[in-house]
Each structure stands twice: as structure tokens, then as C-alpha cells.
2 protein chains.
Amino acid sequence: MVRRNMSRHEKVDLVQKAHKTMTGAEKRREARRDQVLDAASACFVEHGFHGAGMAKVAKKAQMSVGHIYHYFESKEAIIAAIVDRESELAVERFAELYALPSDEIAAAMINRAEDIVVTKSDAFQSALNLEIQAEAQRNPHIAAILQEHDKKIRGLFSNILNTKLGLTDADARTELLMSLFGGLASRVLRNPGLKREKLIPLFQSLMHNLLNEPANA
Amino acid sequence: MVRRNMSRHEKVDLVQKAHKTMTGAEKRREARRDQVLDAASACFVEHGFHGAGMAKVAKKAQMSVGHIYHYFESKEAIIAAIVDRESELAVERFAELYALPSDEIAAAMINRAEDIVVTKSDAFQSALNLEIQAEAQRNPHIAAILQEHDKKIRGLFSNILNTKLGLTDADARTELLMSLFGGLASRVLRNPGLKREKLIPLFQSLMHNLLNEPANA
DNA sequence: TTTTATAGAATGAACGTTCTATCTAATGGT
DNA sequence: ACCATTAGATAGAACGTTCATTCTATAAAA
């Protein structure tokens, strides 16, 4: 880790966008768009996609409503851009996992599970994800974006399981791993008192089950 | 199963409400309320809590907007009533599990998982749950209702694991089981092509892991 | 001097809620 | 049994607000 501290979304830029080839004007435009996306994400987490009005978003972004429409053609376009950005962030996180030595992958994943349960660091992320998922449920355009990115992530992760851990049925393992992690994140809402001490041994046992070839294979 | 076919919510009535002691007027009132709740649930799944207006709900319920306000003091009260009703339904479903002989419980749960993945029978239910969860995230009143009911359900289920299957750490097992099921339901949205054949063996292995005492205990 | 950035007012629709009016069902006194 | 009176059921218009979006105008940059 030699890189300087970067915000969540500068990181995304590194992966996706060729900043080097951007003119000054394009960079400024991109920065403004990110400013809107940040503000909108915060508002949407707080009030929901349909509960948060453009006025609130503009206030949070510290620009006028009209100005926002200079960068996004509609509210739905903002939502779609947020989903895109978050999905790319997720891809990145899995890419980090890929860089790890094989014998550290399981430990890293258990660490992540602990983060979800015990710290509030991912609370915003989880909340936004939930909001996105609820929207995807009723908006086919959002659903399509989500599915496309999920496909990429599944492929990435299956590849880790297959090539780095040498596992069969990598797709099924991926699916259940993702169920478990996604489910755990939602559980925190329904049971805020969740204590990690009791959970971890069992969780580790499940991970062992999913990250090792069964005897009967 | 000798009982006649009943709607999802008549069932709820059986458990919770003392229909016998209700006057005719009270019964009619309750029926109207349910009529609103049914319509509102459908609208909320389709457009989200804040995306669906009272006009749409009224149309679906085949009554006037003013009439709805005769039975519910606000839109939020409708949301709260829906959350209550759905939570009671969930309690009921776990109660059915409780009635099963010990050696059939695991199989029944695996069946349920298959239902989630393969049939659309629970799709409406899952969608509504997701919507509720998203709302709970930003509305503390809804969150409180959800947490209260979840506590009841956790207790019920831990009790099954503890007394009927003789397991230690029943709370932790419950928590992970619920994570897994809840997570699986959301995965269907992100990966609609999900095939159950590949999933089931691994899923069974996880269930075995969670529903049996580990060797090292 | 022509784009681009920016703010803010204008617009028309939709929102949740309340108000008013009518119609139906129950109640009570005789 | 019958009318008077009250309570509840129901519809729809009305209200004030907020919504997403567009329009107009000005300031800055290229």
C-alpha cells in the first residue's frame, strides 16, 4: 500500500476511466458528476430513491437543481450512474482478493464478514446496496445493470475459487458464498445486537465447507 | 391439511385475531382494512413505498382515497400495518416447522430453499420483504417493528434447534441459517438464471453443517 | 465571440391529507 | 312496527405542498 489516500470513487476512476487522456474540461465535468453522485447517494440512503427530491440532492451537492440537469438528463440517469459506480467498486474489491496468496483468501473473507457484523464502516455501503436492490426489483433497466455487473463479479470470483484454490463447482460455491455474505449484511438490520464472538466459529466452519473440496467428490 | 383453502391473510387472522369475539361491524371493518393492505402491498412491490401514491392504492383497492383514510390515519400507518401482518405470517411459517418431527426439519428447510430458487411462488413475498427492509433502514419506527418480530422468530427457531435437535449455540446457528436463506432470496434478483441442480448438494452440506453438532464440540 | 457553467424562476403534474356531502345501516323511543 | 336520530360508510372535490423537469438569464472560460 504505497498509494496515497484516495476516496472510494477516485479508486473507481483508476480502474475504469482513462484519466490520463482527459482534457481539463472533461476532468472538471467528471468531478462535478461525481459530486452529484456522492450527494445523491447520501440522500438516497437517507430517504430512498423516490423519497429524496432533486432539491435535497442539489442542497447536499451545493449546486442548483438546474445545474444538476446540466450533467444528468434525469433522476433515473443519476440512479443508473450510482449503480454503475457501486458495481465497479465491488468488482475492484474482488480484484483485491485475487491478488492475495491462496492460503490467505479464506482468512481475508472471514475478516470481511467480521467487518460487516461488527463495524459500521460498511453500513453506508450496505444501505445503498439494499436501496439499489429494491429499485432493481421494480425497474428493469436498473436490474439489467445489476445483473450485468454481477455476472462479471461471479466470473471473477469463480475464477479465484477454481484456479487459485483448485475447487470444483466453483459457480455454486460462489453463489452460496454471496448468499451468505449478502444475507449477513441484512441480518444486522433485523438484529442489531448481533454478537460476533458466537458467530465466528460457526461461520469459519461454513467457510471451510465452501472453500474446501468435500471428501466424497 | 383438512382446512379449506384460505388466503395468506385469513391465516394470519386465525393466529392473531379473536374473530369469534368480533361484532359484525368490527369484522367488516377488519375486512376493509385487509382489502387496503392487500392493494397497498401490491402497489408498494410494484412502485416502492414512496413511488406508489394513495391514488394508485385506492384504484387497486377499488375504493376512494378518502375512504382509505377512514381506516388508516396515514400512509405510514398502512406501511406499519403491512410490516406487522407480514411479520405475523413469518412467525406462522416457523410455527409450522415446529410441528414437524425432528428428522424431517432439515428436509423441510431444504425444500423451502428450493422453492425460493426455483419457483416464483415466493417472489412477491421476497419483493415485499426487500421493500420493507429498505424502508426499515431509514424509518426507525418500521425498524423497531421489524426488530421486535425478528426477536420473536429467532426465539422460536432457536428453540426448535435447541429442544428438537438438541443443538448447542442455537442462536448463532439461527443467525447463519437466516443469513443464508435471506441471502439466497436476494441472489435470485442478481442472478435470475440460477440453477438449483448445482446448488443443492452444496446447500445440503451447509445445512448438515448447521444442523448437526460438530465433532469438536 | 461562441461555448460552457451556473442559478433560479416557471410549470404543470402528482403528492398526502382534509373537508364536505351523500347515502346506508343501526338504534331507540313510542 | 314505525319514524326520528344518530353513527358509520363512502365518494370526490379541494388544499397546500412538493415533485421532476424545462426555461431564461447571467457569468465565466475558451
Side-chain angles (χ1 to χ4, degrees), chain A residues 21-83 131 134-135 138-139 141-142, chain B residues 21-83 131 134-135 138-139 141-142:
Chain A
T21 70
M22 272 185 174
T23 75
E26 281 169 330
K27 267 195 211 170
R28 251 178 294 121
R29 191 180 168 81
E30 207 57 37
R32 279 281 186 243
R33 282 179 58 100
D34 274 339
Q35 189 182 342
V36 173
L37 260 29
D38 288 339
S41 297
C43 291
F44 291 162
V45 163
E46 205 171 342
H47 303 103
F49 282 135
H50 302 287
M54 292 299 286
K56 257 175 222 154
V57 174
K59 184 92 168 279
K60 190 88 161 187
Q62 294 183 108
M63 45 171 102
S64 71
V65 179
H67 197 185
I68 290 181
Y69 276 87
H70 201 70
Y71 297 106
F72 295 92
E73 76 171 357
S74 69
K75 193 184 180 185
E76 170 151 0
I78 296 178
I79 297 175
I82 288 176
V83 176
E131 197 59 47
E135 181 65 17
R138 55 183 108 97
N139 184 335
H141 179 209
I142 301 298
Chain B
T21 70
M22 271 185 176
T23 75
E26 279 169 332
K27 266 195 209 169
R28 252 178 295 121
R29 188 178 170 83
E30 207 57 36
R32 279 280 186 245
R33 281 180 59 101
D34 274 339
Q35 189 182 343
V36 173
L37 259 28
D38 288 339
S41 296
C43 290
F44 291 162
V45 163
E46 205 171 343
H47 303 103
F49 282 136
H50 302 287
M54 291 299 287
K56 258 175 221 153
V57 175
K59 185 93 167 279
K60 191 85 160 190
Q62 295 184 110
M63 45 169 103
S64 71
V65 180
H67 197 186
I68 290 182
Y69 277 86
H70 201 70
Y71 297 106
F72 295 93
E73 78 171 358
S74 70
K75 193 183 181 186
E76 169 150 359
I78 296 177
I79 298 175
I82 288 176
V83 176
E131 197 60 46
E135 180 66 16
R138 53 184 109 94
N139 183 335
H141 179 209
I142 302 298

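Every chain is numbered from 1 and lettered A, B, ... according to where its sequence line falls, protein lines coming before strand lines.
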Output the distance between atom [atom1] ([X]) and atom [atom2] ([Y]), rounded to the nearest 0.5 Å.
{"X": "Ile82(A)", "Y": "Phe44(A)", "atom1": "CD1", "atom2": "CZ", "value": "5.0 Å"}
{"X": "Ile68(B)", "Y": "Gln35(B)", "atom1": "CD1", "atom2": "CD", "value": "9.0 Å"}
{"X": "Ser41(A)", "Y": "Glu46(A)", "atom1": "OG", "atom2": "CD", "value": "12.5 Å"}

Considering residues at least two apart in sequence or located in another chain, which fulfil the side-chain contact (heavy atoms from CB on, under 4.5 Å) criterion with [X]?
{"X": "Tyr69(A)", "result": "Met54(A), Val65(A)"}
{"X": "Val45(B)", "result": "Phe124(B), Ala127(B), Leu128(B)"}
{"X": "Asn139(A)", "result": "Glu76(A), Glu135(A), His141(A), Ile142(A)"}
{"X": "Ala55(A)", "result": "none"}

Distance, rounded to the nearest Å, where [X] contributes [atom1] and [N] contributes [atom2]:
{"X": "Tyr69(B)", "N": "dG16(C)", "atom1": "OH", "atom2": "P", "result": "6 Å"}
{"X": "Lys56(B)", "N": "dC15(C)", "atom1": "NZ", "atom2": "C1'", "result": "11 Å"}
{"X": "Lys75(B)", "N": "dT17(D)", "atom1": "NZ", "atom2": "C1'", "result": "14 Å"}
{"X": "Phe72(A)", "N": "dA5(C)", "atom1": "CZ", "atom2": "C1'", "result": "15 Å"}
{"X": "Lys59(A)", "N": "dT18(D)", "atom1": "NZ", "atom2": "P", "result": "12 Å"}

Could you list, one pair per line, each protein nitrogen or oxygen that sits under 3.5 Å from a nitrogen or oxygen of nucleotides 6-12 of chain D, together with the distance?
| from | atom 1 | to | atom 2 | distance (Å) |
| --- | --- | --- | --- | --- |
| dA9(D) | OP2 | His70(B) | NE2 | 3.3 |
| dT10(D) | OP1 | Arg32(B) | NE | 3.4 |
| dT10(D) | OP1 | Arg32(B) | NH2 | 2.7 |
| dT10(D) | OP2 | Arg32(B) | NE | 2.8 |
| dT10(D) | OP2 | His67(B) | NE2 | 2.8 |
| dT10(D) | OP2 | Tyr71(B) | OH | 2.9 |
| dT10(D) | O5' | His67(B) | NE2 | 3.1 |
| dA11(D) | OP2 | Ser64(B) | N | 3.0 |
| dA11(D) | OP2 | His67(B) | ND1 | 3.2 |
| dA11(D) | N7 | Ser64(B) | OG | 3.3 |

Quiz item: Minimum heavy-atom separation for Arg33(A) to Ala81(A), with atom names?
Solution: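 Looking at all heavy atoms of both residues, the shortest contact is NH2-CB, 4.4 Å.
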The correct set of residues in residues 35-55 of chain A placing a heavy atom under 4.0 Å from DNA chain D is Ala52(A), Gly53(A), Met54(A)
